[in-house]
Amino acid sequence: MKLEKLIINGYGRLTDTRITFKNGLNVIYGRNESGKTTIVEFIKAMLYGQRKGKTDGVTDKERYKPWNGIAYGGTLEYSLKNSERFRIWRDFNTGQVKLFDSQLNEVTHRFNQSRSGGLLFAQEHLGVDYELFVRTCFVGQTGVRLNEDGKSILAEKISDIAETGSERFSYAQSKKLLEKALQDEVGTDRTSGRPLNRVNGKIQEMELEKKRCKDVLKRVLELEGELKENREQEKRLAAEVDYIKALMEFNRLRDMNEEIANGSQGIKDLKRRIEERTEELEELNGNIPEGCAIFDDDVADNLLSMQERVKESNRRRILQAVWGLAVLAGVLAGIVKPLYWPYCLLLCLAGLTGVYLTRKSRTARLKDEIYEILTASGVDSIEKYFEKKKEIEYFYEKRELLMDSIKLIKEQIAAVSKKNIDTEEIEKELKQKNGQLGAILSQLTGYDDAGVFAELMHKSLEEINSFYKQKVDNLREKQLKLREIETEVRVLSEETEKLPSLEEELALAKLHRLELEEFGFCIRKALEVLNECSEKVRRNLKPRLAEKMSAAAGNLTGKYEQITAGIDDKGLMVSKEDGNMIPVSSLSGGTIDQVYLALRLAMTDLLSENMEPLPVILDEAFSQYDDDRIHLAANYLGSGSSDKQIILMTCSEYELNTIKNEASGSSIITLN
Amino acid sequence: MKHFKFLHMADLHLDAPFSSLSVFRGAASERRLEQKIIFKKIIETAQAEDVDAVFISGDLFEHEYVARSSIAFINECFSSIPKIRVFISPGNHDPYVKNSYYSSFEWSPNVHIFKNEIESIYLNALNTCIYGVGFSDFLMYDTKLKGFKVDDASRINILVTHATIDTLSGQAGYHTVSSIELENSGLDYIALGHIHKFIPGLLRNKCCYPGSAAALGFDEPGQHGFVVGSVDKEGADLKFLPVDTMEYITLEVDATGVKNPQSLVSKVMEHVHTSSDKNGIIRIAVSGAVASEVLDELDLVGELLKNEFAGRKVLFEYQLQPEYDYNEIARGNDLKAVFVKELLSCISKEAEPEGKKRLEKTLYLGVCALEGRRVKRYET
């Protein structure tokens, strides 16, 4: 880039100032306070806008407000190495900025704006931002007038430039930032509690838990296999038990069948017994007399009652007669004169006789009835009647017994006969059972002990019973075992249910770790590349920079012809006339300024190789130079800089005259 | 001749971990529950459609993760359709290994599980023969179907298996089968599983992948379900029935030129508002070159987006690049230029996309450091 022309409408102390620059060396001469530094600041502000921050409590906008007039701004024209030409117009009052091309078309809209709203055309055209532009192109008064501290700062800056190709991009600082990021955001094997350490710990824990769950799942699957096996065994045992039960049922039926077969003989015996009983009964019936009703209990009771009443009647008749007579005698004796007592006695006797006779006829009737009964019974006394009655009752009882016996035998015959009818059913059932046994047995075949069951049919009942008991016990044990396994499977399988979510958490943690590792990888790679590049820059830059610096420094100082851009703790090393290498910081302030200027010139040369060439603006840069070195510098800048634009500000008439003599082609601009 | 009516499903992957959902609390477990609901719906459809058989072409569950209760659930579903025969051909995720639920669980009597040898079940009443062969390990390099021919070509012949047809791209070890051999085998329908996308009309419409019954991740967009079909000697007639109510959606947002976090959020929201789906799980892949301050403030972007999407399942994936003209920077001679040049050269030489991405990140981090900015990790 070359600065072509500037028109200052108003900026600080300057108003209506026009300056046209040329290629090569331009000298702006003016006494102190004539506005040289204001021009420098105007150029910076036109290209990059005024800085927002305050310096010494004042902003640029306040500092450079025009002393006279109200116009605050101006125009700056510049051209690029591709011959494009642009004009910047700024009004610092309003902050307005416009850019025009060589045809004076406004091209402002073509350029991006910064966050603060600044137009970024200078960055785009020059390839450097404000910082780099200022640090590379400007060598100001403050940069060269150094105290002892300043010397080392300058040396440091030179080292930075030599090391990184730019004083702004420090290798050491970049390295530190990357290492800090690695330490804080990732962590290493030597750290603890950093993200990577934490996530690794978490993953380790989860992996262990996952392994445990997987083992449990494996166990569940094994148990599932055992369950299946045990269920089959249970089925088999159940079949065995069924077989034995069927066998026992079969045996029972078989026994029953046999019993029935035996029962046929029994019927014959029973029938014979019925015949015997019947004969006996008939004989007994023959012995029982006709009209046995006379011996009924009612008749017997009546007979006894009548006998009692006869006895009672006789006893009462005598008693009544004695008592009646006595009472009558007593009464008569009381009321009748003794004279009439014989008549009374006769009357009593007559009465008593009448009563006696009445009673006597009733007893005789009873006796007749008794006699009739006895006669009908074929006996002559009541005692004999009862003897005969007893005999008849015995016959009856015996007949009853015989009849019961016959009935029972008949029932037995009927029952046995019925069984004979069911025999067919039993035969059928037996066949069924046999089939069932065969079917179960076929289920059992294939097992080692199938033969045992086939043989079992021929075993004794006790043996079968004992075998049955044993198998039932086995089945119960198996069922118990099954319940146990089922319970274990249920409990364990619940634990495995968290496996998918565990896997998800693990995947998430691993993803996080991967990101951290990748970030770590990128940081390490960046460090590695940065280191290599730093070496490369040093390697490439050093000889070229040294060459350019040596040429410039030699010309500027006439002394240090070889500057080694050797970087160590001491910074830039300079070769003395006697061949000794000394650090640049050990030189005098003026020499450091010259080395610094040589470095800036060398740097802009280097940068210009691939980028837009930048002008070098020197603001009182020779203030510490002695006369000889001013000659050398004027000669050097005037002779070798035709392709480079150099703007030198000076208040020194001596410097001006020297330049006029040493660099006659220079453009001289004088400020009033 | 009577046709044979069937339901064909595959690749349910019951109890699979859903890593992409694990960032949402409970979402993965919910999804596993949905898988069961989906399975139940499929079985209910089999009942409602009165099919003759259900074909499950592998990867019904995840052997490594499946819970016993889930197996019991599946079996209950099978028991609920006792008259419908169920044919399962184990896949690479649920192989018929020793101590697998296939071998040890007491399955409903209507369920038939194929092993590693070709087996045929002849359904006399339907004059249909069902062939099947399954995985007996997690990988299967050889196929038992080499030179396979049906026993009786006059029957309806169906094959159920978990395999990759050689005309489709697939990895070795996942039972690759020859399309030519299958086509000449005399089979009338081939119920396949393994590929998670519905692919009908293969081998002259004799073969179909129903796809995964329930989508498993963002790499399985679109509708998911199963197939109900009928087959006779004339050919097969298939109907795809979507059953999965949730869809994985990926939205790509080009954020190129975005200058600040707020603009990035607005840009993302513009894209999302155009998406009608409210039930899906959305992954928003934000890419493009943005101002470096956006990259520095990705945490803030995340917070802002979280508020915007409160209550919805949205994942953000940043594939952002800083808005640098690296080629321009590389034109210089300073350390930054040399660093950029060096890494650009590494990137151009790197063949692997992942490696490239890593180097690009390295480049950005290095430039951050060289510009004196804080070097910060941002998640992509």
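Protein chains get the first letters and strands the later ones, always in sequence-line order, with residue 1 at the start of each.
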With rounding to the nearest 0.5 angstrom, report the [atom1] to [atom2] distance, [X] to [Y].
| X | Y | atom1 | atom2 | answer |
| --- | --- | --- | --- | --- |
| B:Leu343 | A:Leu530 | CG | CG | 9.5 Å |
| A:Leu221 | B:Ser103 | CG | OG | 8.0 Å |
| A:Glu124 | B:Asp325 | CD | CG | 9.5 Å |
| A:Lys214 | B:Tyr65 | NZ | OH | 4.5 Å |
| B:Ser104 | A:Glu226 | OG | CD | 10.5 Å |

Counting only non-hydrogen atoms closer than 4.5 Å, does [X] touch chain A with its backbone (N, CA, C, O), its side chain (CB onward), both, or neither?
| X | value |
| --- | --- |
| B:Ser20 | neither |
| B:Ser100 | backbone |
| B:Glu64 | both |
| B:Val367 | neither |
| B:Ala16 | backbone |

Write down the atom of [X], the atom of [Y], and the distance for their closest heavy-atom approach.
| X | Y | answer |
| --- | --- | --- |
| A:Ala507 | B:Ser19 | CB-OG, 3.4 Å |
| B:Leu335 | A:Tyr171 | CD2-CB, 3.9 Å |
| A:Leu177 | B:Arg373 | CD1-O, 3.5 Å |
| A:Cys533 | B:Phe339 | SG-CA, 3.5 Å |
| A:Glu497 | B:Ser69 | OE2-OG, 2.8 Å |

Self-check item: Crowding at NZ, A:Lys481 (>12 non-hydrogen neighbours, <6.0 Å)
Solution: no

Quiz item: Are the side chain of A:Lys525 and the backbone of B:Lys361 linked by a donor-acceptor contact shorter than 3.5 Å?
Solution: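 Not at all, since once roles are kept as given, no pair shorter than 3.5 Å links the two residues.
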
Quiz item: Is there a donor-acceptor contact under 3.5 Å from the side chain of A:Glu224 to the main chain of B:Phe105?
Solution: no

Quiz prompt | Among A:Leu492, A:Leu227, A:Leu217, residue most engaged with chain B (heavy-atom pairs, under 4.5 Å) | solution =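 Between A:Leu492, A:Leu227, A:Leu217, the count favours A:Leu217.
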
Practice problem: Flag the one option from A:Leu502, A:Leu178, A:Thr496 with the top tally of heavy-atom pairs under 4.5 Å to chain B. | Solution: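 With the most close heavy-atom pairs to chain B, the winner is A:Leu178.
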
Quiz item: For chain A, which residues from residues 21-30 of chain B have at least one heavy atom closer than 4.5 Å to it?
Solution: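 Within residues 21-30 of chain B, the residues under 4.5 Å from chain A are B:Ser22, B:Val23, B:Ala28.
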
Quiz item: Can a salt bridge be assigned to the pair B:Arg358 and A:Glu518 using a cut-off of 4.0 Å between side-chain N and carboxylate O?
Solution: yes

Quiz item: Do A:Glu504 and B:Arg32 sit within salt-bridge range, that is, some charged N less than 4.0 Å from a carboxylate O?
Solution: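 Salt bridge: yes.
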
Exercise. Measure distances from A:Arg231 to the heavy atoms of chain B and classify the residue's part below 4.5 Å as side chain, backbone, both or neither.
Key: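 A:Arg231 touches chain B through side-chain heavy atoms alone.
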
Practice problem: Quick one: do A:Lys180 and B:Arg374 satisfy side chain to side chain contact (heavy atoms under 4.5 Å, CB included)? Show the steps, please. | Solution: CA-CA 9 Å; A:Lys180 185 169 164 45; B:Arg374 191 187 156 198; over 6 Å; no

Exercise. Kindly indicate, with the supporting measurements, whether the criterion side chain to side chain contact (heavy atoms under 4.5 Å, CB included) is fulfilled by B:Tyr101 and A:Val220.
Key: CA-CA 10 Å; B:Tyr101 282 115; A:Val220 167; 3.4 Å; yes

